[in-house]
Amino acid sequence: MKKSKWNKAFPEVPEGFHSRVNLVLSNLPERGLENMKHKNSSENKSYNKTHNKSRYEKKRKHNKIVKNYFNPASKIALAAAASLIVGLLFCVSNPVLAAKLPFIGNIFQKLESVVDYKGDYSTNAEHLLEEDLQTKQNEVSTQETEIPKIESSYIKESNGITVSISEASYGSKALYLAMRVENAEGFPDDFNMVENREGYILDHDRLYLNSTAVIEFNGNSIEFCPEKGFPVPYYIEGLFENKNTFVGIIRVDLSWLPETAGTERLPDEFLYRLHISEFRGELFETEEEKYTDPETGEELTIPNHIEKKYPGSWEFELNVAIDPSDTQVVPVEDTNAEGWGIKKVEKTPYEIVTQVIVPAGREMDYFLVICDANGDLLDIQGDNAEVYSVYGRDTSTVSIYLCDYIRYMDELKGYYWSKDYEVKRTTKTFAQYLDENAIYGTKVEFLH
Amino acid sequence: MDKSTFTNEILNMERSLYHVAKTILKRDSDCEDAVQEAILKAYTKLDTLRQEKFFKSWVTRILLNECYKISNARKKTVPLEDYHEDKNTPSEDSSLDVYEAICCLKENIRVTIVLFYIEGYSIKEISGILRIPEGTVKSRLSTGRKLMKCILQRGKQP
């Protein structure tokens with residue numbers, strides 16, 4: 001399956017498409033003009049008219065929503081934010097009470113063993129919000145103002161939703177952020193799947209988000225957003241405290257950063273700026289999608305859950321400092337006769353990341369598997385299938401395998417996930433099974 | 001990036017833009033609408049693109065969003081010509097080529113296959129463009145490959 005061969009299989013660009021592209025390009029205004037509103041510009045009106053804009057476009061214009069920043073929901077949000085600040089002031093002036101409240105300081109403790117990406121984050125956490133508010137409180141006290149006005153760079157409000165980052169734990173492969181999302185109007189019950197969705201088997205919920213991020217270090221600035229091909233946080237895992245409040249942990253994957261920055265390793269200190277532009281979740285209600293199974297010709301109806309979205313703007317700046325001694329790097333530099341192998345393995349307090357060596361053109365033909373010292377499969381840390389968790393397992397020695405992707409998915413992983421694995425492992429662990437079936441395997445020892 | 005460079009970059013990726021749009025939208029006129037909106041949006045928001053090397057994937061993502069908007073609107077009203085043009089199920093007596101086989105795939109698999117095999121994006125880039133984990137990209141590619149093989153083999157049968 002060569003890309004060039006497939007590329008030729010697609011039809012040529014039709015003349016109409018080519019003409020439209022040229023027409024649009026020839027009507028572009030010069031750069032630097034302020035307030036370029038293409039839909040209203042005279043140039044674009046001409047070709048819109050010429051080409052008779054389609055029905056969906058006209059309908060979209062009629063449905064345009066005008067924001068009212070002084071609507072009742074906004075007032076409620078302001079009131080909620082105000083009460084939040086007053087509450088925080090009271091808490092930070094009373095450290096004993098502050099330690100007992102969920103808002104300050106214990107989101108990690110509450111959720112670190114509940115979310116998919118588990119870790120002992122509370123042990124190494126920086127208490128960002130608590131320390132920031134303590135500083136602000138001291139400033140307010142010395143100024144003796146009657147009405148204390150307090151702001152924290154770790155609390156942001158937009159469109160009735162207040163977001164705070166209270167704790168952070170930084171590692172060389174990921175940042176873990178404890179986040180609280182408070183919605184003045186309340187989230188739909190549908191979002192709280194742990195309590196409200198029948199048959200839901202996980203013990204945590206997810207709140208999805210759209211985000212972009214900027215990382216700055218040594219005078220460099222790198223912007224990350226999905227459009228540029230680099231994953232940014234797109235969900236928070238956690239729990240609903242009540243109808244208005246979701247608390248969770250975000251995992252910011254950094255395993256791609258050195259490659260992107262063109263460096264061998266991540267800098268120990270950098271600024272991480274996270275901008276969230278939307279929160280959303282699934283409603284129980286679905287809309288149907290018709291699909292014809294190409295193999296059987298059978299007409300299928302696929303229910304897609306409708307999403308409820310909360311747009312806004314929440315931006316946070318984090319001064320990240322990573323302790324490089326937390327990461328153990330084991331160079332392997334080994335390949336088999338076919339060219340499959342491992343370059344190096346890195347272990348942090350939370351995860352194991354492996355740099356694989358893949359024969360040219362085989363980039364999607366393998367699946368990376370890591371087993372613990374007892375020969376059992378490690379869990380995946382988050383949504384990156386090549387990052388494995390060390391939480392609660394003996395990873396002083398690990399077995400690392402590259403398996404044929406299709407064979408692993410269709411056959412090999414079934415050995416571990418079978419109901420009688422506990423019986424089977426007494427004679428052959430999953431690692432021993434993969435010793436016989438993987439296309440490449442090696443063992444790596446860590447100091448701790 | 002100035003206007004001239006922007007224009008050249010768009011012209012260079014014209015074929016790619018058509019392929020991506022055609023993956024979601026059946027009618028060429030819809031592809032034209034989508035690419036028009038995408039070009040204008042990209043040009044208006046060009047200041048937000050800090051590294052020009054990501055221009056292609058950035059525009060592709062914008063185009064996909066425009067395609068999905070049109071596609072969603074189309075789902076509510078199916079024009080008569082679409083009804084007659086629907087080739088989602090291959091005819092039994094046809095010998096299928098790769099393009100027709102791709103057209104038979106489900107939309108999310110079709111888009112992934114086109115971005116990887118036709119447009120040459122990496123798995124990481126597709127993960128970013130479609131906002132799905134890399135494992136899901138691999139899974140869709142694997143599924144798509146299997147389906148393609150099956151469809152093409154069936155198409156070649158006398």
Can you measure from OG1 (B:Thr143) to CE (A:Met409) and round to the nearest 0.5 angstrom?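 One finds 9.5 Å between OG1 of B:Thr143 and CE of A:Met409.
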
Roughly how far, to the nearest 0.5 Å, is the CZ atom of A:Arg20 from the CD1 atom of B:Ile39?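 CZ of A:Arg20 is found 9.5 Å from CD1 of B:Ile39.
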
Could you tell me which of B:Thr7, B:Thr136, B:Leu64, B:Leu130 has the largest number of non-hydrogen atom pairs under 4.5 Å with chain A?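 Winner by heavy-atom pair count: B:Thr7.
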
The test is side chain to side chain contact (heavy atoms under 4.5 Å, CB included); show your working for A:Phe17 and B:Glu14 and say whether it passes. CA-CA 9 Å; A:Phe17 187 90; B:Glu14 184 187 33; 4.0 Å; yes

With no hydrogens and no angle check, is any side-chain donor or acceptor of A:Tyr405 less than 3.5 Å from a backbone partner on B:Ser139?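 Indeed, once roles are kept as given, a pair shorter than 3.5 Å links the two residues.
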
Closest heavy-atom pair and its distance - [X], [Y]:
| X | Y | result |
| --- | --- | --- |
| A:Ala385 | B:Gly135 | CB-CA, 4.4 Å |
| B:Lys138 | A:Glu386 | NZ-OE2, 3.4 Å |
| A:Leu28 | B:Lys3 | O-NZ, 2.7 Å |
| B:Tyr117 | A:Met364 | OH-SD, 3.6 Å |

Interchain contact, A:Tyr366 with chain B, by part (heavy-atom threshold 4.5 Å):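 Looking at A:Tyr366, backbone and side chain both touch chain B.
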
Contact part of A:Asn22 toward chain B, heavy-atom cut-off under 4.5 Å: side chain, backbone, both or neither?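 Contact with chain B is through the side chain of A:Asn22 alone.
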
Can you tell which part of B:Val137 gets under 4.5 Å to a heavy atom of chain A, answering side chain, backbone, both or neither?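 It is neither, since no heavy atom gets under 4.5 Å.
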
In terms of heavy-atom proximity below 4.5 Å to chain A, should B:Leu141 be classed as side chain, backbone, both, or neither?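 It is both, since atoms from each part get that close.
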
Let me see the working for B:Leu17 and A:Val21 under side chain to side chain contact (heavy atoms under 4.5 Å, CB included), right down to the final yes or no. CA-CA 10 Å; B:Leu17 293 173; A:Val21 169; 5.6 Å; no

In sequence, state the C-alpha distance, the side-chain angles, and the governing distance for A:Leu25 and B:Tyr43, and then conclude on side chain to side chain contact (heavy atoms under 4.5 Å, CB included). CA-CA 10 Å; A:Leu25 291 174; B:Tyr43 191 65; over 6 Å; no

Verdict with reasoning, A:Leu23 to B:Gln36, per side chain to side chain contact (heavy atoms under 4.5 Å, CB included): CA-CA 9 Å; A:Leu23 188 62; B:Gln36 172 181 305; over 6 Å; no

